[in-house]
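Structure record follows, encoded as structure tokens.
Just so you know, these numbers use all the heavy atoms, side chains as well, and skip hydrogens, waters and symmetry mates. Note that ligands are numbered from 1 as they come in the structure, with each ligand's atoms numbered from 1 the same way. Everything numeric here is computed off the predicted structure, so don't read it as measured data.
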Amino acid sequence: MSGESTLAIIKPNAIEQGNTGEIIAMIEQSGFRIAAIKMLHMSTMQAEILYEEHKDKSFFGGLVNYMSSAPVIAIIVVKENAVKDFRILIGSTDPADAANGTIRKLFGATLRQNAIHGSDCAVNAKRETALFFSGFEVH
Ligand code: IDP
Ligand code: MG
């Protein structure tokens, strides 16, 4: 599997609404290949580390509580320009602002419950991938 890799996380609201299959199908149909996938229930500490860049923001506590409230699905996706292209596929942070046809537009409920996470740069992709998967290397 060649290309760049990035980390996706399907958030609790999308799983609870039964949208997991449609989201994974959209990811594959957009040219991404799945290199690893795992369902897990994050601890508070794991969610705090994932979102550490936001620790001083007013929404941090609510975000951490939400992301550790129920299972999520972490996925390593691979494609040329995966980091940038995956952000385009998911759309803007607020589903209300996201472009038509994006995952957040289709499946996001609120700004917090916006269906999916995607790493915002290559450095964060590597850091976030290491939080969920050990021994993964891009070839
Ligand atoms: P991103 O997920 O598009 O990279 P970030 O600004 O990194 O957006 O924020 C991380 C996550 O925190 C968002 O996906 C969203 O779930 C949540 N979030 C961001 N801003 C707010 C806010 O103002 N209120 C509540 N939740 C927020
Ligand atoms: Mg972000």
(request) Assess Lys79 against Phe32: is NZ or CZ under 6.0 Å from the centre of the six-membered ring, and within 45 degrees of the ring's axis? (result) yes

(message) For the backbone of Pro95 and the side chain of Asn114, can you confirm whether one donor and one acceptor N or O come within less than 3.5 Å of each other?
(response) no

(request) Could I get the full list of salt bridge (charged side-chain N to carboxylate O under 4.0 Å, His left out) partners for Arg33, not counting sequence neighbours? (result) none

(request) Please confirm whether Arg87 comes under 4.0 Å of ligand 1, counting heavy atoms of the residue only. (result) yes

(request) Give yes or no for whether the N/O distance cutoff of 3.5 Å, strictly under, is met between Gln113 and ligand 1. (result) no

(request) Answer yes or no for Tyr66: is there a heavy-atom contact with ligand 1 below 4.0 Å? (result) no

(request) Let me see the working for Phe132 and Ile9 under side-chain contact (heavy atoms from CB on, under 4.5 Å), right down to the final yes or no. (result) CA-CA 10 Å; Phe132 297 98; Ile9 305 172; 3.9 Å; yes

(request) Examine the proximity of ligand 1 to Glu53 and report which part, side chain or backbone, both or neither, has a heavy atom under 4.0 Å away. (result) neither

(message) So for Lys57, does at least one of its heavy atoms come nearer than 4.0 angstrom to any atom of ligand 1?
(response) no

(request) Give the numbers and elements of all ligand 1 atoms closer than 4.0 Å to a heavy atom of Tyr51. (result) 10 (C)

(message) Is the terminal nitrogen or CZ of Lys11 (NZ for Lys, CZ for Arg) located under 6.0 angstrom from the six-membered ring centre of Tyr66 and within 45° of that ring's axis?
(response) no

(request) Between Leu111, Thr93, Leu50, flag the one that comes closest to atom 22 (C) of ligand 1 by a heavy atom. (result) Leu111

(message) I'd like to know if Glu52 pairs up with Arg127 as an ion pair, taking the criterion as any Lys NZ or Arg NE/NH1/NH2 lying under 4.0 Å from an Asp or Glu carboxylate oxygen.
(response) yes

(request) May I ask whether Arg104 places a heavy atom under 4.0 Å from ligand 1? (result) yes

(message) Students should be able to answer this: which protein heavy-atom is nearest to atom 25 (C) of ligand 1, and at what distance?
(response) Phe59 CB, 3.6 Å

(request) Fit a plane to each ring of His117 and Tyr51, take the angle between them on a 0 to 90° scale, and name the class: parallel (under 30°), tilted (30 to 60°) or perpendicular (over 60°). (result) perpendicular

(message) Looking at ligand 1, is there an atom of it that comes within less than 4.0 Å of some heavy atom belonging to Asn114?
(response) yes

(request) Return the residue, atom name and 0.1 Å-rounded distance of the protein heavy atom closest to atom 9 (O) of ligand 1. (result) His54 NE2, 3.4 Å

(message) Can you check which of Asp94, Ile90, Leu63, Thr110 brings a heavy atom nearest to atom 17 (C) of ligand 1?
(response) Leu63

(request) Return yes if a side-chain donor-acceptor contact under 3.5 Å exists between Asn124 and Asp120, otherwise no. (result) yes

